[in-house]
Each structure stands twice: as structure tokens, then as C-alpha cells.
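Sequence positions, counted from 1, serve as the residue numbers for this chain. Note that the structure is predicted; figures quoted are calculated from it, not measured. When reading the values below, keep in mind they use all heavy atoms of this one structure, side chains included, and skip hydrogens, waters and symmetry mates.
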Amino acid sequence: MNTPVVDFVDRYLQKDLSRLHMPGHKGQGFLGCEARDITEIRGADVLDQACGIIAESEANAAALFQTGRTFYSTEGSSLSVKAMLALAAGNAVQEGERPLILAARNVHKTFLYGCAFLDLDVEWLYPEQGQSLCSCPVSPGELSRRLSALQKKPAAVYVTSPDYLGNILDIRGLAEVCRAHSLPLLVDNAHGAYLQFLEPSLHPIALGAAMCCDSAHKTLPVLTGGAYLHISQNAPAAYLSGARGALSLFASTSPSYLILQSLDLCNRYLAQGYREKLEACIRRVFILKEELELAGWRTGGGEPLKLTLYCRESGCTGMEAAALLCANNVEPELADWEHVVLMFTPESREADFRRVLEALRSGPPDSRRLSAPEWPPVLPSRRMSIRRAVLAPHETVPAEQAAGRICGAPVVSCPPAVPIAVSGEEITEAAAALFRYYGIDNVEVVQQA
């Protein structure tokens, strides 16, 4: 597969040019990558109006992911999430009405900032049997019941799958429910770009989603910030024609050409033997999970490249398990009171697998069992719109004094950046208990008159 963006930069580097254009480093080496860091010079195309080498590279990605259109983001899935909301809301807006999104509660905070910018209302889907802030296992049956009970038709249904712990929803079943209600399904697939290359594909677009975002940098060999906005071939025509403009609403006009080159080069990587490498890595992760289970660790999640230790069920805390890993030169993706998350890709080395097993083969350390706060918590009441709460004057209060106040900025533990309290909601005692549990000391609340 050709790599038009990378090839353009290669040709550019072969010329003896005076760089009288941005960026200011002029290609001189401070970090070592500056020579390849260019801007939108003649022939380099323009991301928000792509019609040349960037458009050609995006078309290559669309062919690989089998989408109607695929658009690049150099600002992560955060940009793509906001663009999806803009497209769905714009296609459903009625004069004088604030569009509504029906969303699973374990959204990333960027979803809330998108709702604030676009002035969207949200109805929340809470987990039927939730155990964690990060997960919201909504079934097609529950979605159907909620849609039938809503008094106002939403502009879209929005879910996160895989979630931060590696749990995957029944996207095909959810998409069928959405089709029955003539609604688009939007999926935050930030952790699942590689799912397209399984056999069979578990990618949201293949399973019926109208749109999804993938953080390429999370699971593929792409620089941090590289992501995709995928739109289905069966999505409304307005999504396909309006996507570039929706991305431009939120995007910088100075996209990183280093990230664009990594996205471009990733197309060749995916086209040349990636499926076989992916299959081998998944087998290796599965073997490691079996070995850890035999050593007394409880693992979970259905995402094949992610290894999640359920430490509370194993008899220790996530921090204690992470300490064992760090002592053996393993840096986990996430460690909190309950979990440790380890992310593997085909670029992981055999030594990485061995280090994990060596660190944990003796089993969980003896520890006190923590009592986790109630989850899902008591449903909060909404006191004002998300937009009004985000833009209102805020004051910072200690978390133990936040109950009864209106949440201003979304209160998150990052990672995973899933809100405990949502802007515009009255903070409950249950939410305050979760603040303490996740080590959140201060909370931004709406300033009282």
C-alpha cells in the first residue's frame, strides 16, 4: 500500500530548501524529529480541506477499515467524539429544541465538553449490573426499554466499547435496536482500532454503528494524538458530506504532520501481515492470562489485547499489584484500588510477557479487602444544562463539602477520565464517597449567587 504523505516528506527532505515557513525550528534537530515536521506548504495538502495526499491516505485507511469514509485526527479521539456529536445533533436539530443524546454513563469527559459546546442534553443509561465507574454493560434489551420509555426522541445513542477495563458491548445487538428506532449508534471505540483486523471483525462499523472513533495511537504503531473518525457506508449522506466541517469546528488549524505521517505509514503496516502478528499476540496474551489465573489472580474483560487484573476479587489492591509490577520494570496503563490494566500489542516483546509473569507468579499479596462505595450510585438530579454549568463561574471546594452543590467541571479520575459527577448535576453523598475513594481532593462547583 502506498504512503503518499510519507513519500511527500521524503521528497521534500531531498531538496536543498530554505525553510521560510513554519514551524520555528526550521528542521533543525533538538528532539531529532524536526526535519520531518512540516506545515501545510505547497503540495502537502490541508487536513481540514483534504483533496490531495492526505485525502489519498485517508482513502487507504477507509479501504482497510471498510468504511464509507475515514477521516484523520491529529488531536486524538477527543476531536472525533465532538465531531460525531455535532453531526448527529445537526442532522436531528429542530427549531427551538435542544438536541438529546442517550448515552451510557461511562463516557470520557471529552463527551461532556462536546455537549457543552453544542448545548446538548443527555439522558443516561446506567449499568444494569455495574461494578465499576469505568463500565456500563448495557444490553440491547435495556436499550430498547429505555428508548421506548423516552418522551423525547434522541438524536443518537452513544456508547463506549471497549471500555477502559476491556469490556466489549454487544454492538451488533445495540445497532439493531437503534435501526428499529431510526437512530444512529455512535461508538467511542478509542481502545479498539485493531478490532477490525480480527476474524471475524469486531469493529463497530462492521457491526452496524453509524459512526465511531478509534484512537490509533492506543493500540496501533501511531504517534500519540493520531486517531480516526469512521463513518459507515450506510450512514446518512449528511454525515459523509459534513464530517470535515464538523471536525473543523473543534480542531486546530495547525495539525501535526508528524502524526499524519505516522497514520499514513500505519496503513502499510496494517496491509502487510498485521493480521498474523495480531493473532500471535492475542494467543500470547491468552496464555499469560491463564498463567496468572493459575497463580490466583482474577482477570476479566473480553478485549483480547488487554489484560485487566481484578485485584479486589484477587484479595489485594491495585496499587499493591502495581508495586509488584513496577519492581520488575513493568509500567501498567492504569492502577487504582480495584484494578490494574496492562495493554499489549504485536510490538510488545516476549520479555514484556515474561516480566509480568515473574512479577505476579507468586500470586496476590496478603492484604485487607477494601469495601468499595456503592456503584452505580444513587441517581443524581439535574439542576441545570451541561453548557450552563460548564460556562458558569466556578469555585473550588474540598470534596467532603461538595455534596448538595451543583457540579461545574466534570469530576474525573484521570486516567480513565470517566466522570463521577457531571456538569449541571447536584452532587450526591454517594458521589462524594466516590471522590474520596478515587483520591479526588477538590471539586469545581457552580458559584453560588
Side-chain angles (χ1 to χ4, degrees), residues 1-65 67 69-80 83 193-194 196-197 213-231 240-241 243-274 277 345-347:
M1 179 169 283
N2 71 331
T3 53
V5 181
V6 171
D7 294 345
F8 173 85
V9 175
D10 284 342
R11 292 192 299 270
Y12 176 83
L13 292 177
Q14 292 169 6
K15 299 176 182 179
D16 181 17
L17 291 173
S18 296
R19 294 194 180 198
L20 302 184
H21 58 73
M22 297 181 285
H25 54 65
K26 304 304 179 185
Q28 301 306 307
F30 297 88
L31 288 171
C33 59
E34 287 85 355
R36 304 196 68 89
D37 185 29
I38 64 169
T39 188
E40 293 151 322
I41 56 176
R42 178 168 49 93
D45 208 354
V46 178
L47 181 58
D48 66 3
Q49 302 173 35
C51 59
I53 59 173
I54 296 174
E56 184 180 355
S57 183
E58 289 178 332
N60 287 342
L64 286 164
F65 285 91
T67 65
R69 290 286 300 275
T70 290
F71 299 87
Y72 288 160
S73 164
T74 65
E75 298 167 62
S77 283
S78 295
L79 172 58
S80 300
Y194 72 94
Q196 166 61 22
F197 303 94
C213 66
D214 296 355
S215 286
H217 69 91
K218 284 183 168 62
T219 58
L220 302 177
V222 170
L223 294 178
T224 297
Y228 308 108
L229 169 62
H230 298 298
I231 300 181
L240 296 168
S241 62
R244 196 79 73 186
L247 288 162
S248 297
L249 274 178
F250 306 97
S252 168
T253 54
S254 299
S256 166
Y257 267 80
L258 292 173
I259 297 174
L260 287 173
Q261 288 169 76
S262 70
L263 285 165
D264 185 44
L265 203 57
C266 186
N267 291 334
R268 178 180 292 168
Y269 173 87
L270 294 173
Q272 296 181 350
Y274 175 66
K277 290 190 288 187
T345 78
E347 303 311 303

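With sequence neighbours excluded, the residues forming a salt bridge (Lys or Arg N to Asp or Glu O under 4.0 Å) with Asp10 are Arg36, listed by chain and number. In this structure, Tyr257 has no ring-ring contact (aromatic ring centres under 6.0 Å, His included) partners at least two apart in sequence or on a different chain. Taking Gln272 as the reference, nothing meets the side-chain hydrogen bond (donor to acceptor under 3.5 Å, both in side chains) condition, with sequence neighbours excluded. Taking Glu75 as the reference, nothing meets the side-chain hydrogen bond (donor to acceptor under 3.5 Å, both in side chains) condition, with sequence neighbours excluded. Contacts of Phe197 classified as ring-ring contact (aromatic ring centres under 6.0 Å, His included), with partners at least two apart in sequence or in another chain: Phe65, Tyr274. Not counting sequence neighbours, Ser78 has no partner by the side-chain hydrogen bond (donor to acceptor under 3.5 Å, both in side chains) test. Partners of Thr219 by side-chain hydrogen bond (donor to acceptor under 3.5 Å, both in side chains), not counting sequence neighbours: none found. Looking at residues two or more places apart in sequence or on another chain, you find a side chain to side chain contact (heavy atoms under 4.5 Å, CB included) between Ala271 and Met1, Leu64.
Note on residues 243-266: pairs passing salt bridge (Lys or Arg N to Asp or Glu O under 4.0 Å), not counting sequence neighbours, are Glu58-Arg244. Applying the salt bridge (Lys or Arg N to Asp or Glu O under 4.0 Å) definition to pairs two or more places apart or across chains, none involves residues 14-27. Judged as a ring-ring contact (aromatic ring centres under 6.0 Å, His included), not a single pair has a partner in residues 41-63 (not counting sequence neighbours). Residue pairs meeting the side chain to side chain donor-acceptor pair (under 3.5 Å) criterion with at least one member in residues 37-49, sequence neighbours excluded: His25-Asp37.
A donor-acceptor contact under 3.5 angstrom links the side chains of Thr70 and Thr67, judged on distance only. Under 3.5 Å, the side chains of Asn2 and Asp7 contain no donor-acceptor pair of N or O atoms.
A donor-acceptor pair under 3.5 Å is absent between the side-chain atoms of Ser215 and the main chain of Gly76, judged by distance alone. Remark: side-chain polar atoms of Gln196 are not paired, donor with acceptor, to backbone N or O of Ala193 under 3.5 angstrom. Remark: the backbone N or O of Ile259 is paired with a side-chain donor or acceptor of Ser262 at under 3.5 angstrom.
Here the closest non-hydrogen pair linking Ile53 and Gly43 is CD1-O, 3.7 Å. The two atoms that bring Phe71 and Arg69 nearest to each other are CE2-NH2, 3.3 Å, heavy atoms only. Shown here for Ala44 and Ile38, the closest heavy-atom pair between the two residues is CB-CD1, 4.2 Å. In terms of heavy-atom proximity, Ser73 sits nearest to Leu263 at O-CD1, 3.8 Å.
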Let me see the working for Tyr12 and Ile41 under side chain to side chain contact (heavy atoms under 4.5 Å, CB included), right down to the final yes or no.
CA-CA 10 Å; Tyr12 176 83; Ile41 56 176; 3.3 Å; yes
Chi angles and distances behind the side chain to side chain contact (heavy atoms under 4.5 Å, CB included) call for Thr345, Leu220
CA-CA 7 Å; Thr345 78; Leu220 302 177; over 6 Å; no
Yes or no on side chain to side chain contact (heavy atoms under 4.5 Å, CB included) for Tyr228 and Ser80, after CA distance, side-chain angles and deciding distance?
CA-CA 7 Å; Tyr228 308 108; Ser80 300; 6.0 Å; no
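With rounding to the nearest 0.5 angstrom, the CG atom of Leu79 is 10.0 Å from the OG atom of Ser252. Atom-to-atom distance recorded for Thr224:OG1 and Leu258:CG is 12.0 Å, nearest 0.5 angstrom.
Taking the side chain as every heavy atom from C-beta outward, Asn267 and Thr3 never approach each other to under 4.5 Å.
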